[in-house]
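Down below is the structure, laid out as structure tokens.
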Protein chains: 2
Amino acid sequence: MKPRRNTWQREAVRAALVGAHGFVSAQQLHQTLRDSGSTIGLATVYRALASLTEDGEADSIQAPEGENLFMSCGSTGHHHHLICRSCGAARELDATVVEEWASKVGAEHGFAEIEHVIDLFGICAACRAKEA
Amino acid sequence: MKPRRNTWQREAVRAALVGAHGFVSAQQLHQTLRDSGSTIGLATVYRALASLTEDGEADSIQAPEGENLFMSCGSTGHHHHLICRSCGAARELDATVVEEWASKVGAEHGFAEIEHVIDLFGICAACRAKEA
DNA sequence: GGCTAGAATGAGACTCATTCTCATTTAGAA
DNA sequence: TTCTAAATGAGAATGAGTCTCATTCTAGCC
Ligand SMILES: [Zn+2]
Ligand SMILES: [Zn+2]
Ligand SMILES: [Zn+2]
Ligand SMILES: [Zn+2]
């Protein structure tokens, strides 16, 4: 892990990410921080999120609309999520079966350096209750 | 399927997509078409790809970099791919196990309207040979 | 074949997420 | 405290994709 300086900006992003409880975009996070009086710059939020993700402190996924979403995730290892399209709440999934499937399939077709993207999106119970 | 008029532009996009043999971006496709003398507009390429995808004549995926990629795909039903990061070549996958896993997991967590994104990326044998 | 309504097109303006530039600030070691 | 490279922030730049709207063209009708 490359060296990082501890700036209040980096810490603020980390805190905001933890406070978000679910996947959020860089823009949302920046807005939240500004709304709470911070003067942090948008570019800095992007930089902090990139480094946090690099260091394994945050997970990132691509929303179906193309935006990148980030989340402060407890477990550090490789894993997958079930995400609420409406509020961003996420559940970690035990994906042992698909991990095995993915590596088997990759090998079978003679492809190297296999990576996989596996995400489930839906509407959580809470959001459904709200809408009804 | 909503009605579509047959224009040479739509046909050109369809043909270029078939000729591409793998996943390509709208921009690439547009460039290819222009290079071969066509005067087709970029917006039209986007519109044609969107309608072809809607009609099930093309598949689309999100590249890890965020760009949307399209491919003329034989089978019409729901399925997944193993894609070469380098040349876009793709294999269709039998993903019965993961389909079952996905629907089970969604239900278990009380989420509704589950959709899943499952894509494998790697480097195909041909591209590895080329690089070496 | 001509006529017409409405769909499709294309040039370019526009949006919006993300990255880059660069002058200024600051963390952290000495 | 001093110094230096890393980090920051404002705004410019990038780039995929969408939108607008005047013009063109398809397809059905005579
Ligand atoms: Zn929700
Ligand atoms: Zn995995
Ligand atoms: Zn390849
Ligand atoms: Zn599937």
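Proteins get letters first, then strands, A, B, ... in listed order; numbering begins at 1 in each.
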In whole Å, what is the span from the [atom1] atom of [X] to the [atom2] atom of [N]?
X	N	atom1	atom2	value
B:Gln9	C:dA7	CD	C1'	12 Å
A:His30	D:dA10	NE2	P	8 Å
B:Arg34	C:dG10	CZ	C1'	9 Å
A:Gln28	C:dA17	CD	C1'	13 Å
A:Asn6	D:dT8	CG	P	10 Å
B:Glu11	C:dA8	CD	C1'	15 Å

Check this for me: does any side-chain nitrogen of one of A:Asp119 and A:Arg91 sit under 4.0 Å from a carboxylate oxygen of the other?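 No salt bridge links A:Asp119 with A:Arg91.
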
Which nucleotide in [options] has an atom nearest any side-chain atom of [X]:
X	options	value
A:Glu67	C:dG10, D:dG17, C:dA17	C:dA17
B:Tyr46	C:dA17, C:dT9, D:dG17	D:dG17
B:Ala43	D:dC19, D:dA10, D:dG9	D:dC19
A:Trp8	C:dT18, D:dG9, D:dT18	D:dG9

Touch check for A:Ile40, heavy atoms < 4.0 angstrom, all strands: base, sugar-phosphate only, or nothing? sugar-phosphate

NA contact type, A:Ser25, heavy-atom cut-off 4.0 Å: base, sugar-phosphate, or nothing? nothing

A:Tyr46 vs A:His30, ring-ring contact (aromatic ring centres under 6.0 Å, His included): CA-CA, chis, key distance, verdict: CA-CA 9 Å; A:Tyr46 274 102; A:His30 180 240; 8.7 Å; no

Quick one: the side chain of B:Arg47 and the base of D:dG17, do they pair up donor-acceptor inside 3.5 Å?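 By the distance-only test, no, there is no pair.
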
Any donor-acceptor N/O pair under 3.5 Å between D:dA6 base and A:Arg5 side chain: yes

Compute the centroid of each ring, for B:His80 and then for A:His116, and state whether the two points are separated by less than 6.0 Å. no

Rounded to the nearest 0.5 Å, how far apart are CD of B:Gln27 and CG of B:Leu29?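 Here the interatomic distance stands at 10.5 Å.
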
With side-chain contact (heavy atoms from CB on, under 4.5 Å) as the criterion, how do A:Glu92 and A:Cys73 come out once you've worked through the C-alpha distance, each side chain's angles and the decisive distance to 0.1 Å? CA-CA 9 Å; A:Glu92 280 187 34; A:Cys73 217; 3.4 Å; yes

DNA chain D: 5'-proximal contact among A:Gly41 and B:Gly66 (nearest heavy atom):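 Closest to the 5' end, via its nearest nucleotide, is A:Gly41.
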
